[in-house]
2 protein chains.
Amino acid sequence: MSNNGFHVALVGATGAVGQQMLETLEEREFPIRELTLLSSARSAGKVILFKGKEVTVQEAKPESFEGVDIALFSAGGSISKQLAPEAVKRGAIVVDNTSAYRMDKEVPLVVPEVNKDDLNKHKGIIANPNCSTIQMVAALEPIRQSYGLKKVIVSTYQAVSGAGAQAIDEMYNQTQAILDGKEFAPEVLPVGGDKKHYQIAFNAIPQIDKFEENGFTFEEMKMINETKKIMNMPELSVAATCVRLPVETGHSESVYFEVDTQGLSAADIKNKLTDAPGVVLEDNPAEQVYPMPAHCVGKKEVFVGRVRKDLDEDTGFHMWVVSDNLIKGAAWNSVQIAETLIEMELVKEK
Amino acid sequence: MSNNGFHVALVGATGAVGQQMLETLEEREFPIRELTLLSSARSAGKVILFKGKEVTVQEAKPESFEGVDIALFSAGGSISKQLAPEAVKRGAIVVDNTSAYRMDKEVPLVVPEVNKDDLNKHKGIIANPNCSTIQMVAALEPIRQSYGLKKVIVSTYQAVSGAGAQAIDEMYNQTQAILDGKEFAPEVLPVGGDKKHYQIAFNAIPQIDKFEENGFTFEEMKMINETKKIMNMPELSVAATCVRLPVETGHSESVYFEVDTQGLSAADIKNKLTDAPGVVLEDNPAEQVYPMPAHCVGKKEVFVGRVRKDLDEDTGFHMWVVSDNLIKGAAWNSVQIAETLIEMELVKEK
């Protein structure tokens with residue numbers, strides 16, 4: 001903390017993403033004058049170290065946001081619905097990492113590499129997209145900028161940390177039980193609070209979040225709708241199949257896409273990815289170089305490999321996109337939005 | 001064994017698929033007059049129980065096939081290249097479960113539910129397709145029969161047992177090492193004998209088999225080329241991305257496909273899958289019913305769920321296809337080919 005900088009509040013400070021946000025704020029030397037850590041009543045009173053200083057977590061209330069410049073929310077949609085407007089009312093700018101406001105027409109949904117200009121239209125709240133959407137649009141944007149984009153079909157390979165700490169514990173406990181030949185009863189995945197629970201260890205579950213009437217899951221519809229909104233392309237054709245894997249952290253995506261430009265090669269696509277902000281091209285089949293979740297953990301970038309031209313469709317390409325779902329998929333994208341707001345002078349120190 | 005029936009030889013009797021073939025022959029009460037179990041010199045001498053009787057495994061040699069009616073091969077491509085013609089020369093009909101003859105124009109590549117009529121054209125050798133291809137075409141065929149088929153894009157979620165017993169051991173040993181916080185050195189996956197090896201436990205590896213010049217892997221090209229051949233549709237547009245997961249047995253596939261018929265609903269597709277031979281529709285999102293690898297192990301059928309109409313493309317649909325890669329993907333499809341040969345009177349007892 002210093003005499004200059006911003007009064008930052010973090011709602012959901014004790015959660016997995018909240019912890020990752022604190023690490024990211026520290027690592028980025030985010031200009032913080034004062035730090036307010038907020039949580040539910042249950043977690044209030046906990047003491048958290050930030051830059052070597054003890055900060056006591058307080059219960060989040062409307063008054064908690066008095067004097068706050070930037071409020072980062074990551075404590076579930078209902079808390080955001082309830083308290084984000086209170087923060088805005090008190091002059092804070094909110095970066096919300098829940099699904100509460102993502103599809104709200106008044107709320108910019110931002111991945112800085114893709115649509116930071118949308119921040120100019122904010123009315124107090126900015127939404128952080130779903131983890132699986134962020135990494136995909138970050139990889140698609142440099143391609144779209146040069147060659148246009150018509151169609152996207154994605155199949156995901158998602159890590160359990162996206163479903164929270166309980167899901168991680170369940171995966172490891174189940175795994176050990178199976179190795180020991182012991183019984184176990186799934187209780188968390190695929191969706192905490194849903195009717196049925198299934199084994200995640202040594203399995204693949206084609207359900208993330210609940211089902212909509214159309215047969216797609218909410219997670220799949222998030223990827224579809226958020227991609228169109230972030231890229232400002234309501235006409236873009238997007239389809240998603242979302243699958244949970246026994247991987248702790250790191251979402252992978254098999255992405256097929258069609259561009260607007262004829263006659264391109266895989267090399268043309270790779271060239272655009274080489275220089276793209278926030279993207280690292282890891283693509284050398286001869287040396288077995290391609291991204292994998294086990295290699296992306298703890299990193300901020302979106303890793304892309306296996307870029308191939310479709311063998312039948314001249315404008316069609318395939319790629320494999322991997323990123324740490326807790327970092328670029330959540331904590332880092334939120335902090336990056338806050339940094340971009342400062343850069344664009346959309347938030348000022350009080 | 002009985003006085004009636006066929007003289008069956010099994011090459012690769014001591015391998016994982018060979019074992020599964022023996023179980024399947026027993027379970028199906030395959031009409032066997034005499035059973036010859038063959039292997040490399042290294043495994044010769046082993047004694048295997050079949051229907052309660054001890055059978056000694058012999059080293060496979062050209063002479064081993066004297067008097068054999070049906071020879072099932074599952075001991076690697078080079079053994080098939082060397083010995084399948086010797087078996088044919090001696091009057092046997094060969095069902096080969098390696099990639100040696102799959103793309104040979106003289107050799108039918110058969111999934112009985114799809115193209116059993118191709119068996120009529122055989123010249124002694126019939127090829128069993130790649131595991132990941134079999135389950136996909138079995139699910140696509142009933143749809144194609146009614147509505148045509150234009151395009152297929154598949155992303156796979158493949159089990160380690162497809163890479164053999166060493167890969168299974170590696171996955172479990174690595175998993176235990178990670179749970180114990182111990183070091184480990186990957187030695188088998190993604191491809192035994194390739195330059196680099198990667199962690200499979202709690203990871204996803206986007207490489208199955210080696211890479212071709214075009215950036216696709218051999219596994220991906222197998223799915224592409226074999227699908228066209230089995231369906232007898234050289235013009236069909238097929239693309240594949242193949243990924244290895246920490247799952248012991250059961251391949252899953254996220255399949256996008258376009259039919260020739262306009263205006264269909266997901267219900268139309270599901271109706272065709274309901275009555276399809278060898279296919280079980282498991283599709284009830286409201287009750288969280290969908291196929292998963294952990295539920296398919298030991299079963300002969302191909303399980304299909306998550307059937308949805310694409311939200312943009314009128315002729316486009318998505319589905320999730322799961323099957324036991326050692327059974328329908330290998331042992332059962334081979335035995336089923338042999339049963340179909342008998343049924344079609346293409347093989348006679350000597």
Side-chain angles (χ1 to χ4, degrees), chain A residues 151 153-155 157 171-172 175-176 179 190-191 194-196 198-199 201-207 211-212 214-217 224 236-239 241 243 245-248 250 252 254 256 266 283 285-288 290-295 305-313 316 318 320 322, chain B residues 151 153-155 157 171-172 175-176 179 190-191 194-196 198-199 201-207 211-212 214-217 224 236-239 241 243 245-248 250 252 254 256 266 283 285-288 290-295 305-313 316 318 320 322:
Chain A
K151 188 185 188 82
I153 299 173
V154 59
S155 295
Y157 301 68
M171 178 186 74
Y172 284 124
T175 303
Q176 189 63 68
L179 292 177
V191 182
D194 210 342
K195 289 183 212 171
K196 294 182 187 168
Y198 298 121
Q199 171 187 335
F202 306 112
N203 197 18
I205 307 179
Q207 182 190 358
F211 283 98
E212 294 208 2
N214 64 3
F216 287 79
T217 59
I224 293 168
L236 182 67
S237 167
V238 188
T241 299
V243 181
L245 299 192
V247 167
E248 181 180 329
S252 307
S254 170
Y256 169 78
D283 194 341
E287 296 298 322
Q288 294 176 267
Y290 36 71
M292 288 183 286
H295 290 178
R306 304 283 340 263
V307 177
R308 289 153 290 157
K309 184 173 169 109
D310 192 77
L311 300 175
D312 300 291
E313 179 66 49
H318 304 266
W320 175 251
V322 180
Chain B
K151 189 187 187 82
I153 299 173
V154 57
S155 296
Y157 301 68
M171 178 187 74
Y172 285 125
T175 303
Q176 190 62 66
L179 292 176
V191 181
D194 211 344
K195 290 183 212 172
K196 293 182 187 168
Y198 298 120
Q199 171 186 336
F202 306 111
N203 196 19
I205 306 180
Q207 181 189 359
F211 283 99
E212 294 206 5
N214 64 3
F216 286 80
T217 60
I224 293 167
L236 183 67
S237 166
V238 188
T241 300
V243 180
L245 299 191
V247 168
E248 181 180 328
S252 307
S254 169
Y256 169 77
D283 195 340
E287 296 298 323
Q288 294 175 267
Y290 37 70
M292 287 182 287
H295 290 179
R306 301 287 338 264
V307 177
R308 290 153 289 155
K309 185 174 170 107
D310 192 76
L311 301 175
D312 300 291
E313 179 65 48
H318 304 266
W320 176 251
V322 180

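Proteins come first, then strands; the chains are lettered A, B, ... in the order of their sequence lines, and each starts at number 1. In this text the structure is predicted, and so the values were computed from the model without any measurement. Quick note: numbers below take in every heavy atom, side chains included, and nothing from hydrogens, waters or symmetry partners.
A pairwise comparison of heavy atoms in A:V247 and A:P293 identifies CG1-CB, 3.9 Å as the closest pair.
Of the atoms belonging to B:I224, it is side-chain heavy atoms, and not backbone ones, that fall under 4.5 Å from chain A. Using a 4.5 Å cut-off between heavy atoms, B:E313 contacts chain A through its side chain alone, with no backbone atom that close. For B:D283, no part lies near chain A; criterion is any non-hydrogen pair under 4.5 Å. Only the backbone of B:P291 comes within less than 4.5 Å of a heavy atom of chain A; no side-chain atom from C-beta onward does. Residue contact with chain A, scored on non-hydrogen atoms closer than 4.5 Å, involves the backbone and the side chain of B:I205 alike. Heavy-atom distances place the backbone of B:K309, and not its side chain, under 4.5 Å from chain A. Within the 4.5 angstrom heavy-atom criterion, atoms from both the backbone and the side chain of B:F202 approach chain A. Proximity to chain B (any heavy atom under 4.5 Å) is shown, for A:A266, by neither the backbone nor the side chain. Interface remark: B:A201 contributes no atoms to any contact with chain A (heavy atom separation under 4.5 Å).
Counting heavy-atom pairs closer than 4.5 Å to chain B, the top residue among A:R306, A:H318, A:Q199 is A:R306. Among B:N214, B:T241, B:V307, the residue making the largest number of heavy-atom pairs under 4.5 Å with chain A is B:T241. Contacts with chain B were tallied for A:K196, A:Q176, A:K195, A:M171; A:K196 has the most, counting heavy-atom pairs under 4.5 Å. Per-residue heavy-atom pair counts under 4.5 Å with chain B were compared for A:D310, A:D194, A:L236, A:V191, and the maximum is reached by A:D194. Residue with the most contacts toward chain B among A:P190, A:G305, A:P206: A:P206 (heavy-atom pairs, distance under 4.5 Å).
In this structure, CD1 in A:I153 is found 6.5 Å from OG in A:S237, a value given to the nearest 0.5 Å. With rounding to the nearest 0.5 Å, the separation of OH in A:Y157 from OG in B:S254 is 7.0 Å.
Geometrically, A:R308 engages B:F216 in a cation-pi contact defined by less than 6.0 Å to the ring centre and at most 45° from the axis.
Relative ring orientation between B:Y290 and A:Y198 is described as perpendicular, the plane-to-plane angle rising above 60° on a 0-90° scale split at 30° and 60°.
The side-chain heavy atoms of B:V322 and B:H295, taken from C-beta on, include no pair separated by under 4.5 Å.
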